[in-house]
Amino acid sequence: MLIFAFLSTLLLALGWLGPTPQPQAANQASQPMLNFPVPAGVVNQLFYLQRDPNTNTIIYQLNVNRAGQIDEDEPINVFWLRYDEQGQRKDLNYIQRKFAYGLSADKLAPEKYQLKFAAYNKVPFYLMRWGADKTFHVFTIINNKQIVLSRVYLRIEGGTFWVPNVRYIEFKGWDAATRAPVVTRIAV
């Protein structure tokens with residue numbers, strides 16, 4: 001166990017893991033502590049993910065070639081917008097891609113992929129072209145509604161780097177049938 005703690009500390013010091021979530025006061029448990037920026041100007045942005053303990057944001061972007069066709073081997077680019085570092089773009093490191101924020105994509109049909117988050121695969125997501133605007137979006141089904149996803153928020157309260165205490169996941173987007181805004185939380 002001591003070796004694992006040392007390895008985690010070393011990887012954190014090298015910047016490979018990112019900041020360790022810190023415990024938060026009980027009276028702040030229901031609301032995020034931070035005022036999160038809304039990413040703008042990202043071409044082909046599908047959705048973004050934000051979480052405690054900082055405002056750095058993970059962008060999920062449609063990966064297309066020079067001809068504008070989707071890259072079938074890797075349909076989504078995933079990267080940071082490091083708002084805590086003047087908003088610079090930065091790739092996820094290996095550990096972040098493989099154990100936390102990365103996505104795997106399995107092709108189900110032409111222009112349809114099932115997506116799974118590295119850290120949480122209990123909710124299926126689908127990348128597909130939407131008939132209404134003929135562009136790609138990420139869809140999920142929550143409470144029997146098909147939602148076009150625009151934001152994911154993870155509420156983290158303490159825990160450790162490898163086992164953070166995720167209180168809930170909040171999905172934001174719109175109902176694919178009615179286009180009405182939707183915000184739904186799932187307790188974890």
Side-chain angles (χ1 to χ4, degrees), residues 1-40 42 45-61 76-105 114-125 138 140-143 145 147 149-173 181-188:
M1 195 63 167
L2 184 59
I3 292 173
F4 181 74
F6 171 75
L7 179 59
S8 295
T9 303
L10 177 63
L11 292 173
L12 181 63
L14 292 172
W16 289 3
L17 296 182
T20 303
Q22 299 298 314
Q24 298 172 8
N27 64 350
Q28 296 174 338
S30 65
Q31 296 297 321
M33 290 178 50
L34 303 170
N35 184 16
F36 290 96
V38 175
V42 179
Q45 177 179 303
L46 295 165
F47 68 97
Y48 59 97
L49 184 144
Q50 295 174 317
R51 83 283 179 266
D52 299 315
N54 59 48
T55 60
N56 293 333
T57 299
I58 300 145
I59 303 294
Y60 296 84
Q61 174 189 51
I76 297 181
N77 287 325
V78 183
F79 59 90
W80 290 101
L81 281 184
R82 306 288 292 201
Y83 288 110
D84 288 359
E85 300 167 17
Q86 293 77 44
Q88 72 180 4
R89 179 180 169 154
K90 186 174 180 182
D91 290 335
L92 272 66
N93 64 41
Y94 177 82
I95 292 171
Q96 292 164 344
R97 273 192 329 274
K98 296 297 180 182
F99 298 104
Y101 309 115
L103 286 177
S104 63
Q114 182 174 16
L115 308 173
K116 294 180 184 173
F117 277 95
Y120 188 79
N121 62 8
K122 294 180 182 179
V123 177
F125 298 90
V138 173
T140 191
I141 296 176
I142 299 177
N143 297 330
K145 291 182 183 179
I147 298 171
L149 195 61
S150 61
R151 179 183 188 242
V152 175
Y153 171 71
L154 304 176
R155 176 65 173 153
I156 300 172
E157 294 178 2
T160 65
F161 175 80
W162 289 105
V163 186
N165 184 17
V166 179
R167 301 292 292 182
Y168 61 83
I169 303 171
E170 183 177 274
F171 299 99
K172 183 178 180 182
V182 176
V183 177
T184 302
R185 286 184 182 177
I186 297 175
V188 178

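Of the possible donor and acceptor atoms, none in the side chain of D84 sits under 3.5 Å from a partner among the backbone N and O of N56. A donor-acceptor contact shorter than 3.5 Å links the side chain of T57 to the backbone of T55. Checking side-chain atoms of D52 against main-chain N and O of I156 turns up a donor-acceptor pair under 3.5 Å. A distance-only check finds a donor-acceptor pair linking the side chain of R97 to the backbone of L92 [under 3.5 Å]. The closest donor-acceptor contact from the side chain of Q50 to the backbone of P37 lies under 3.5 Å.
V152 places none of its side-chain heavy atoms less than 4.5 Å from the side chain of Y120. Put simply, the side chain of F117 reaches to within 4.5 Å of the side chain of L49, judged on heavy atoms. The closest side-chain heavy-atom distance from V78 to I58 is below 4.5 Å. Residues K172 and Y153 are not in side-chain contact: their nearest non-hydrogen atoms beyond the backbone lie 4.5 Å or more apart.
Across every non-hydrogen atom of L46 and Q61, the tightest pair is CD1-C, 4.0 Å. Taking each heavy atom of L81 and G87 in turn, the nearest pair found is CD2-O, 3.9 Å. Pairing each heavy atom of L149 with each of F125, the nearest pair is CD2-CE2, 3.7 Å. Residues G173 and S150 share a closest heavy-atom pair of CA-OG, 3.5 Å. The minimum heavy-atom distance linking A118 with A100 is given by the pair CB-N, 3.8 Å.
The CZ atom of R51 lies 8.0 Å from the CG atom of L154; values are rounded to the nearest 0.5 Å. Here the straight-line distance linking atom NZ of K145 with atom OG1 of T184 works out to 7.0 Å at 0.5 Å rounding. Expressed to the nearest 0.5 Å, how far CZ of F171 lies from OG1 of T140 amounts to 6.0 Å. Separating the CZ atom in R155 from the CZ atom in R185 is a distance of 9.0 Å, to the nearest 0.5 Å. Atom-to-atom distance recorded for L115:CG and L103:CG is 5.5 Å, nearest 0.5 angstrom. Interatomic distance, CD1 of I59 versus OH of Y101, reported as 13.5 Å (0.5 Å rounding).
Side-chain atoms of W80 and Q96 form a donor-acceptor pair, as typed in the model, at a separation below 3.5 Å.
Evaluation of the ring pair (Phe, Tyr, Trp, His ring centres under 6.0 Å) rule for F47 yields Y60 as partners, not counting sequence neighbours.
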